[in-house]
*Asks:* 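Would you mind keeping the following structure in view while I ask a few things?
Values below: all heavy atoms of this structure, side chains included; hydrogens, waters and symmetry mates excluded. Counting starts at 1 for both ligands and their atoms, following the listed order.
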Amino acid sequence: SDGGDKLAKLQDEGKVTIGFANEKPYAYEEDGELKGAAVDIAKAVFAELGVEEVESELLEFGQLISGINAGQFDVITAGMAIQPDRCENVAFGEPEMMYGEGLIVQQGNPLNLESYEDIANNPDTIIAVMQGATENEFLIDSGVDPSQILSVPDIPASIAAVQSGRADATTGTEMTIKDALASANTDELEFVETFEQPDVEGVPSYGAAAFNQEDTALVEAYNEVLADLKADGTVAELLEKNGFSEQMNMVPGDITTEKICNGEI
Ligand SMILES: CC1=N[C@H](C(=O)O)[C@@H](O)CN1
């Protein structure tokens with residue numbers, strides 16, 4: 001199909017529908033409002049394209065890629081990591097933020113878990129991980145046995161699994177895990193401050209908007225505006241507003257989606 005159709009359609013209607021997975025601080029709903037770094041950046045880009053109205057579809061993270069391909073919404077706005085295998089199924093925009101991983105354990109860290117390798121070396125350890133999330137591969141690549149992974153549909157379920165003792169730990173992006181712990185408002189759990197980032201392909205991750213591969217003109221237009229908003233400091237401002245830091249989370253200028261998709265990074 002003609003990639004120009006979708007951009008023109010969104011501009012005609014003045015409206016875009018985003019798909020998201022309720023993961024603070026990337027994209028989430030609070031007080032009836034859509035919030036998060038990925039949402040704020042996408043809103044700023046679409047506003048420049050003349051698309052001011054934003055509607056949303058809430059899905060499980062693991063359903064976002066099939067959702068965009070089924071035409072359920074126009075763009076995945078979830079801070080989804082650009083990964084070579086995902087590049088085969090969606091068209092990523094240029095990277096918007098960089099991030100690493102985090103770990104939550106029971107208070108006092110009774111199993112002394114400070115890395116994914118520690119989980120691999122302690123085969124009785126169970127770790128809750130969101131379906132479809134990169135952390136599944138990162139754990140396996142760190143030597144964790146698949147039987148140690150308890151698959152859960154979303155972030156609240158990850159936290160609940162550790163709280164109930166069904167899992168010894170959970171992992172997600174560092175910011176996800178910190179915000180989820182703050183929302184859980186419990187002293188039964190702890191964020192592992194001494195966590196060592198996994199030394200595997202894909203870490204750190206680069207989050208981006210993702211589109212239907214047919215919508216080539218839309219992706220091109222999105223990227224053009226995104227480049228301007230990076231250059232004028234808007235992207236940095238929106239990241240900081242959502243708790244990200246310039247030092248830890250800004251994407252270095254030489255990192256491109258093409259290179260990540262080609263496995264060059
Ligand atoms: C923002 C985010 N990134 C990872 C991913 O892309 O799979 C997962 O941690 C899920 N959430």
*Asks:* Would you mind listing which atoms of ligand 1 come within a distance below 4.0 Å of any non-hydrogen atom of Met130?
*Replies:*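 Near Met130, the atoms of ligand 1 are 10 (C).
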*Asks:* Does Tyr26 reach ligand 1 with a nitrogen or oxygen that is under 3.5 Å from one of the ligand's nitrogen or oxygen atoms?
*Replies:* no
*Asks:* Backbone or side chain, does any N or O of Ala133 fall under 3.5 Å from an N or O of ligand 1?
*Replies:* no
*Asks:* Does ligand 1 have an atom under 4.0 Å from some heavy atom of Arg86?
*Replies:*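 True for this residue.
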*Asks:* In this structure, is the centre-to-centre distance between the rings of Phe92 and Tyr206 below 6.0 Å?
*Replies:* no
*Asks:* Any heavy atom of Gly207 closer to ligand 1 than 4.0 angstrom?
*Replies:*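 No heavy atom of Gly207 comes that close to ligand 1.
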*Asks:* Relative to ligand 1, is Ala78 under 4.0 angstrom through side chain, backbone, both or neither, heavy atoms considered?
*Replies:*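 Backbone only.
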*Asks:* More than 12 non-hydrogen atoms from neighbouring residues, nucleotides or ligands closer than 6.0 Å to CG on Asp199, yes or no?
*Replies:*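 No, CG of Asp199 has 12 or fewer neighbouring heavy atoms, counting only those of other groups under 6.0 Å.
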*Asks:* So which bit of Gln83 gets within less than 4.0 Å of ligand 1, heavy atoms only: side chain, backbone, both or neither?
*Replies:*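 Contact part for Gln83 vs ligand 1: neither.
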*Asks:* State, without any angle test, whether Asn242 and Asp40 hold a side-chain donor-acceptor pair at a distance under 3.5 Å.
*Replies:* yes
*Asks:* In the protein, which heavy atom is nearest to atom 3 (N) of ligand 1, and how far is it?
*Replies:* Tyr99 OH, 2.8 Å
*Asks:* Number the atoms of ligand 1 from 1 as they appear, then name those within less than 4.0 Å of a heavy atom of Met80, with their elements.
*Replies:*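 Selected atoms, number and element: 6 (O).
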*Asks:* Could you go step by step and tell me if Glu55 and Lys15 meet the salt bridge (charged side-chain N to carboxylate O under 4.0 Å, His left out) rule?
*Replies:* CA-CA 7 Å; Glu55 288 193 348; Lys15 185 182 87 182; 3.6 Å; yes
*Asks:* For the ring pair Phe211 and Tyr222, is the centre-to-centre distance below 6.0 Å?
*Replies:* yes
*Asks:* Look at the side chain of Gln106 and the backbone N and O of Leu111, then say whether any donor-acceptor pair between them is shorter than 3.5 Å.
*Replies:* no
*Asks:* Would you name the heavy atoms of Ala128 and Ala161 that are closest together and state the gap between them?
*Replies:*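 Scanning both residues completely, I find the closest heavy atoms to be CB-CB, 3.8 Å.
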*Asks:* Among all protein heavy atoms, pick out the one at the shortest distance from atom 8 (C) of ligand 1; state its residue, atom name and that distance to 0.1 Å.
*Replies:*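 I find the closest protein heavy atom is Glu135 OE1, 3.4 Å.
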